[in-house]
*Asks:* 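Quick one: the structure is below, and I'll ask about it shortly.
In listed order, ligands and their atoms are each counted from 1. Please read these numbers as outputs of a predicted model, since none were measured by experiment. Basis for what follows: all heavy atoms, side chains included, without hydrogens, waters or symmetry-related copies.
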Amino acid sequence: MATKATTAARTSVAKAGTAAKAAAGKTVKAAQAARAAKASRASGPADYDAIVVGGGHNGLVAAAYLARSGARTLVLEARNKTGGAATTEAPWPDAPDFRVTRLSYVMSLLPPTIINDLQLERHGYKIFPMGPYYQAFPEGGSIKLYADDAKRNYAEVSKWSTKDADAMPRWDAWLAGLADVLGPLLLTVPPNLGSRKPRDLEQTLRLAWRHRGLDVRTIADVTRLMTMSIADLLDDWFESPQVKGALAVNGVIGTWAGPYEPGTAYVMAHHSIGDVGDGHLGNWGFQEGGMGAVADAIANAAREAGAEIRVSSPVRQILVKDGRAAGVILENGQQLTAKVVVTSLHPRTAFLDHVGRDNLPGDFVQDIEHWKTRSGVVKINLALAELPDFTADPGTNLQEHHTGSVEMAPTMPYIERAFTDAREGRPAVKPFSDGVIPTAFDTTLVPEGYHIMSLFTQWVPSDWNQAPHTEELQAYADRMIDCYNEVAPNFKSSILHADIVGPYQMEHEYGLVGGNIFHGELSLEQLFHMRPAPGFADYRTPVPGLYYASSATHAGGGVCGIPGMQAARAAIADRRTALRGSRRR
Ligand SMILES: Cc1cc2nc3c(=O)[nH]c(=O)nc-3n(C[C@H](O)[C@H](O)[C@H](O)COP(=O)(O)OP(=O)(O)OC[C@H]3O[C@@H](n4cnc5c(N)ncnc54)[C@H](O)[C@@H]3O)c2cc1C
């Protein structure tokens, strides 16, 4: 069966068709906006302590912390619902009982501090731990890899290479050791490296002191991890193409880089961190009710703390008065004021569109203009009548291999070929996929007996954010489905509905500029003190009173909430300092 293009994709085309009508209505809208602005000025601008732009999970975390600190806080979200890329939706109007976790699909990096501070479990945060990594090979056979079962991993890997099975425990221990070094850095506010201001120097020294225990070997290992490709790194450890393919996936997730590109070893480690320094993180898992339920839990916590959340309220401009953030202007012209503004939008939107080049230093503007924001990701969400029946592990009854990630990344050259296709300007002939079937645990998403399978796939060309490419996406999704059908012959015929979300839709409907899933690539030059720009990695911005909470800051991306928490902490600390100062005067 051929897949059906989504309603949403069709809507984008329809929207283009009505562009002329929209232009005609523009004058009317402008007049309405002017009237709204006048009315708002006449009644006096609304006054909040803090305004958060964007109701994605980071904006909501920031709002929850700000409200808990006693600030009168308002969240402004453009869409008709909160959550941003952490969203559960029913994309098929003719099958409203099927809900999909439409973009992001698994949890792992949300730290215990945030879960506990915001009491998220009480607000509905509930994770089902994922089962094993699973790959069925087109040439026959399969492999399963477990997060925490060395004995079973040995049995699985030795099916392909006993040498690799012997190496596996040493690899796991090596990686865990490095993750222990890198993990706590995720909760560290990056120092302003190179600055000679006393506060910056102190922070740099403090960071160096904290790592004084690292020995020559560990520093060498971290250097390797930060600079090597995942392919070269795995070649140093393993021999079997199947095992290397399985371990390479995390190195290229969401990345505009194939497995042979330097830096992809770090991306793998980013996805393997188990502890950010305040307690052990859960293994990868599915949120009950999909990723939208994570955002809902945070929104509930924010509301309970007193935050106001307005949806369908797109912001047009961040107000800067006398060099300070002063509030926002909405698309409808309404003006809202606050001394603290936190924005959680993509850096191009937040700074170039909303703050404006004239209000920012030239080198900062240039850094944001040069920000790399490609992915070539296509999300394919499928409603299934039955579970995939793999030739290597037969049966449509629920089995362990349905409960984790159901991959289509059989070898390193396969993954590399998919990237090379896209870099040369074509969608991958055989895309790679990180698939999951959340309904193996979560029965709230579908009518009884049915399933959702969510395929996170790569790559299409990096400029596909510029046009919908509806028909080509359809063909790409059909090819992806054929790849699974080769190893599970009931797959194609089990598909009831398909929802294909490409880079254009990610940018235009969700604000993910360039289609990058993290608001910006996790490439080495965009990490830590460089995220989003040198000198401004401490969640502050060149505009006093304006704070930055998006996934384009350190610890983003991913649904980890750390940028939101850190931006709120910076704002609260500055507010307290200012209050102390004004009391002394
Ligand atoms: C396909 C895909 C798969 C992913 N998979 C995973 C995964 O499995 N696990 C994981 O941890 N991470 C995953 N990620 C990454 C993760 O979802 C993001 O990094 C994270 O959700 C971003 O959160 P945020 O709050 O920083 O930004 P966003 O979620 O982008 O939120 C920004 C919000 O601002 C709103 N907005 C935009 N413009 C305006 C405006 N003018 N005015 C007001 N509001 C505005 C948007 O509508 C949005 O709600 C995935 C992302 C994608 C796209």
*Asks:* Donor-acceptor pair, Q458 side chain versus V252 backbone, under 3.5 Å?
*Replies:* yes
*Asks:* Tell me, which protein residue and heavy-atom name are nearest atom 9 (N) of ligand 1, and how many Å apart are they?
*Replies:* V106 O, 2.7 Å
*Asks:* Please assess T457 against K379 for the test side-chain hydrogen bond (donor to acceptor under 3.5 Å, both in side chains), listing each intermediate value before the final yes or no.
*Replies:* CA-CA 6 Å; T457 76; K379 186 77 191 304; over 6 Å; no
*Asks:* Considering the options H346, E507, R348, which one meets the side-chain hydrogen bond (donor to acceptor under 3.5 Å, both in side chains) requirement together with T373?
*Replies:* H346
*Asks:* As an exercise, identify every atom of ligand 1 less than 4.0 angstrom from a heavy atom of P314.
*Replies:* 42 (N)
*Asks:* Can you check whether S551 has an N/O within less than 3.5 Å of an N/O in ligand 1?
*Replies:* yes
*Asks:* Give yes if a backbone or side-chain nitrogen or oxygen of E509 is under 3.5 Å from a nitrogen or oxygen of ligand 1, and no if not.
*Replies:* no
*Asks:* Is G558 close to ligand 1, meaning an N/O of one under 3.5 Å from an N/O of the other?
*Replies:* yes
*Asks:* Between T88 (side chain) and G289 (backbone), is there a donor-acceptor pair under 3.5 Å?
*Replies:* yes
*Asks:* Considering only heavy atoms of V559, which atoms of ligand 1 have at least one such atom less than 4.0 Å away?
*Replies:* 10 (C), 11 (O), 12 (N), 16 (C), 17 (O), 21 (O)
*Asks:* Decide whether an N or O pair under 3.5 Å exists between H519 and ligand 1.
*Replies:* yes
*Asks:* Among all protein heavy atoms, pick out the one at the shortest distance from atom 31 (O) of ligand 1; state its residue, atom name and that distance to 0.1 Å.
*Replies:* G56 CA, 3.3 Å
*Asks:* Can you confirm whether more than 12 heavy atoms, excluding those of K81, are under 6.0 Å from its NZ atom?
*Replies:* yes
*Asks:* So for ligand 1, is H57 a polar contact partner (N or O within less than 3.5 Å, distance only)?
*Replies:* yes
*Asks:* Could you verify whether a donor N or O on one side chain and an acceptor N or O on the other, from N516 and S375, lie under 3.5 Å apart?
*Replies:* yes
*Asks:* Step by step, work out the side-chain hydrogen bond (donor to acceptor under 3.5 Å, both in side chains) result for Y548 and S344.
*Replies:* CA-CA 6 Å; Y548 195 38; S344 61; over 6 Å; no
*Asks:* Quick check on K339: does its NZ atom have over 12 non-hydrogen neighbours (other residues, nucleotides or ligands) under 6.0 Å away?
*Replies:* no
*Asks:* Among all protein heavy atoms, pick out the one at the shortest distance from atom 42 (N) of ligand 1; state its residue, atom name and that distance to 0.1 Å.
*Replies:* V315 N, 2.9 Å
*Asks:* Pairs of nitrogen or oxygen atoms closer than 3.5 Å, one from E77 and one from ligand 1: do any exist?
*Replies:* yes
*Asks:* Please write down residue, atom name and distance for the protein heavy atom closest to atom 45 (C) of ligand 1.
*Replies:* A78 CB, 3.5 Å
*Asks:* Do Y105 and D434 get their side chains close enough for a donor-acceptor pair, meaning under 3.5 Å?
*Replies:* yes
*Asks:* Contact between G556 and ligand 1, counting heavy atoms under 4.0 Å?
*Replies:* no
*Asks:* I need the minimum non-hydrogen distance between V365 and R357, along with the two atoms involved.
*Replies:* CG1-CG, 3.8 Å
*Asks:* Need the ligand 1 atom indices (1-based, order shown) with element for anything under 4.0 Å from a heavy-atom of H354.
*Replies:* 41 (N)
*Asks:* Just do the side-chain hydrogen bond (donor to acceptor under 3.5 Å, both in side chains) check on Y510 and R102 with the steps written out, would you?
*Replies:* CA-CA 11 Å; Y510 295 92; R102 203 165 190 215; 3.0 Å; yes
*Asks:* Quick one: does G511 get an N or O within less than 3.5 Å of an N or O on ligand 1?
*Replies:* no
*Asks:* Would you check whether A85 has a nitrogen or oxygen atom less than 3.5 angstrom from a nitrogen or oxygen atom of ligand 1?
*Replies:* yes
*Asks:* Answer with yes or no whether the side chains of E308 and Y48 bring together a donor and an acceptor at under 3.5 Å.
*Replies:* yes
*Asks:* Any atom of ligand 1 sitting under 4.0 Å from a heavy atom of L512?
*Replies:* yes
*Asks:* Once you restrict to heavy atoms under 4.0 Å, what part of R316 touches ligand 1? Side chain, backbone, both or neither.
*Replies:* neither
*Asks:* So, the side chain of E521 versus the backbone of S523: is there a donor-acceptor pair under 3.5 Å, distance only?
*Replies:* no
*Asks:* Counting C-beta onward and ignoring hydrogens, is there a side-chain heavy-atom pair between L182 and Y266 closer than 4.5 Å?
*Replies:* yes
*Asks:* Heavy-atom pairs closer than 4.0 Å: do any link ligand 1 to the side chain of M107, the backbone, both, or neither?
*Replies:* neither
*Asks:* Compute the shortest N/O to N/O distance between M506 and ligand 1 and return yes if it is under 3.5 Å, no if not.
*Replies:* no
*Asks:* Just heavy atoms, cut-off under 4.0 Å: does L345 contact ligand 1 by side chain, backbone, both, or neither?
*Replies:* side chain
*Asks:* When you compare the side chain of V559 with that of L109, does any pair of heavy atoms fall below 4.5 Å?
*Replies:* no
*Asks:* Taking the six-membered ring of Y65, is NZ or CZ of R68 closer than 6.0 Å to its centre and within 45° of its axis?
*Replies:* yes
*Asks:* So, does L109 sit close enough to ligand 1 that a heavy atom of it is under 4.0 Å from the ligand?
*Replies:* no
*Asks:* At less than 4.0 angstrom from any non-hydrogen atom of F518, what atoms of ligand 1 do you find?
*Replies:* 15 (C), 19 (O)
*Asks:* Which residue supplies the protein heavy atom nearest to atom 6 (C) of ligand 1, what is that atom called, and how far is it?
*Replies:* S104 CB, 3.2 Å
*Asks:* Run the salt bridge (charged side-chain N to carboxylate O under 4.0 Å, His left out) test on E509 and R79 for me, step by step, so that the C-alpha distance in whole Å, both residues' side-chain angles and the decisive distance to 0.1 Å come before the verdict.
*Replies:* CA-CA 8 Å; E509 192 174 329; R79 298 185 73 221; 3.4 Å; yes
*Asks:* Just to confirm my output: which protein heavy-atom neighbour is closest to atom 3 (C) of ligand 1, and how far is it?
*Replies:* L103 O, 3.3 Å
*Asks:* So if I count the atoms of ligand 1 from 1 in the order they appear, which ones are less than 4.0 Å from some heavy atom of R79?
*Replies:* 47 (O)
*Asks:* Starting from atom 18 (C) of ligand 1, find the nearest protein heavy-atom neighbour and note its residue, name and distance.
*Replies:* I517 O, 3.5 Å
*Asks:* Taking heavy atoms and a distance under 4.0 Å, where does L76 meet ligand 1: side chain, backbone, both or neither?
*Replies:* backbone
*Asks:* Do me a favour and list the nearest non-hydrogen protein atom to atom 25 (O) of ligand 1 with residue, atom name and distance?
*Replies:* N58 N, 2.9 Å
*Asks:* Is there any N or O on S313 that sits under 3.5 Å from an N or O of ligand 1?
*Replies:* no
*Asks:* Is any side-chain heavy atom of M130 less than 4.5 Å from a side-chain heavy atom of F286?
*Replies:* yes
*Asks:* Can you find a non-hydrogen atom of H346 under 4.0 Å from ligand 1?
*Replies:* no
